[in-house]
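Reviewing the structure listed below.
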Amino acid sequence: MPITQSDVLYTAVATAENGRDGRVATDDGRLDVVVNPPKEMGGSGAGTNPEQLFAAGYSACFQGALGVVARQEGADVSGSTVTAKVGIGKNEDGFGIIVEISASIPRASAEVARELVEKAHQVCPYSKATRGNITVTLV
């Protein structure tokens, strides 16, 4: 269910200059990075790129969702990690992205870990935002 403006607790603000070959900064100055296309896409690869930034945000958000689900289920996810791989490639409309999410949960059995990851995928705001728009695979 979508939230309304009155539900918003925090708003991140970032501004890009020169798109994929420039700079991105947040209004509070906490993030200020040079962005360049990766070498695989003909760029210099000197800076970060939007896919890396998306992967960082998605993995952090998913890790938070995993923690919420673990608390609800009484599971121990201490020492866990979440990795997001974001791929970009050409499609019929120009370009599209694809995501692969993996989690390492050392204090849970494989079965419990899988259940936690699937439940986290249902509550993670990034997963909700991308659902039905891009392919997200849980591994």
Side-chain angles (χ1 to χ4, degrees):
M1 170 179 242
I3 67 170
T4 64
Q5 189 60 40
S6 64
D7 297 319
V8 172
L9 300 174
Y10 168 76
T11 299
V13 179
T15 301
E17 298 171 5
N18 296 326
R20 289 183 160 272
D21 207 2
R23 177 179 163 261
V24 176
T26 56
D27 64 336
D28 62 5
R30 292 180 184 243
L31 179 70
D32 190 341
V33 295
V34 171
V35 289
N36 300 113
K39 289 182 180 181
E40 296 84 350
M41 293 179 67
S44 69
T48 189
N49 59 65
E51 291 70 39
Q52 289 174 326
L53 296 170
F54 186 72
Y58 202 159
S59 63
C61 187
F62 201 98
Q63 178 77 45
L66 182 63
V68 168
V69 169
R71 283 189 292 283
Q72 292 171 347
E73 299 290 322
D76 184 359
V77 293
S78 59
S80 65
T81 59
V82 172
T83 301
K85 295 180 179 179
V86 176
I88 184 170
K90 290 186 177 185
N91 65 12
E92 63 278 354
D93 297 337
F95 285 89
I97 61 172
I98 188 168
V99 177
E100 182 180 287
I101 300 284
S102 61
S104 171
I105 309 172
R107 298 184 186 271
S109 69
E111 181 179 322
V112 168
R114 182 71 184 172
E115 289 174 10
L116 292 171
V117 167
E118 288 175 0
K119 288 179 179 180
H121 188 47
Q122 296 308 306
V123 300
C124 173
Y126 274 59
S127 292
K128 289 179 180 181
T130 59
R131 190 167 289 122
N133 298 310
I134 64 170
T135 301
V136 177
T137 305
L138 306 176
V139 294

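We count residues from 1, following the sequence as given. Below, each value reflects all heavy atoms present in this structure, side chains not excepted, and no hydrogens, waters or symmetry copies.
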* Straight-line distance of E40 CD to I88 CD1, nearest 0.5 Å -> 11.5 Å
* Take L116 and E73 through the test side-chain contact (heavy atoms from CB on, under 4.5 Å) and record every step on the way to the result. => CA-CA 8 Å; L116 292 171; E73 299 290 322; 4.0 Å; yes
* Would you say R71's side chain and G67's backbone share a donor-acceptor pair under 3.5 angstrom? -> yes
* Asked: Is any side-chain N of the basic residue among K119 and E115 closer than 4.0 Å to the acidic one's carboxylate O?
  -> no
* To do: Write down the atom of C61, the atom of C124, and the distance for their closest heavy-atom approach.
  => SG-SG, 3.5 Å
* To do: Flag the pair L138 / R114 as yes when at least one side-chain heavy-atom distance between them is below 4.5 Å, and no otherwise.
  => yes
* Tell me, do V99 and T130 make a side-chain contact under 4.5 Å, heavy atoms counted? -> no
* **R131 CZ to K128 NZ distance, which is reported to the nearest 0.5 Å** => 8.0 Å
* Asked: Is there side-chain contact between I101 and H121, with at least one heavy-atom pair below 4.5 Å?
  -> no
* **Same apolar cluster (I L V M F W Y, side chains within < 4.5 Å links), M41/V35** => no
* For the side chain of N49 and the backbone of G45, is there at least one donor-acceptor N/O pair under 3.5 Å apart? -> no
* Asked: Side-chain heavy atoms under 4.5 angstrom apart, residues restricted to Ile, Leu, Val, Met, Phe, Trp, Tyr: same cluster for Y126 and I134?
  -> yes
* What is the ring orientation for F54 with Y58, classed by angle as parallel under 30°, tilted 30 to 60°, or perpendicular over 60°? -> perpendicular
* **Residue pair T135 / I98: nearest heavy atoms and the distance that separates them** => O-CG1, 3.5 Å
* Okay, side chain of D32, backbone of A25: is any donor-acceptor separation there less than 3.5 Å? -> no
* Asked: If two hydrophobic side chains count as joined below 4.5 Å and joins carry through other members, does V34 share a cluster with L53?
  -> no
* Structure fact -> Separation between NZ (K85) and CD1 (I97), nearest 0.5 Å, reads 15.5 Å
* Structure fact -> Only residue of V117, V139, V82 satisfying side-chain contact (heavy atoms from CB on, under 4.5 Å) with S102 is V139
* **OG on S78 to CD1 on I105, rounded to 0.5 Å** => 10.5 Å
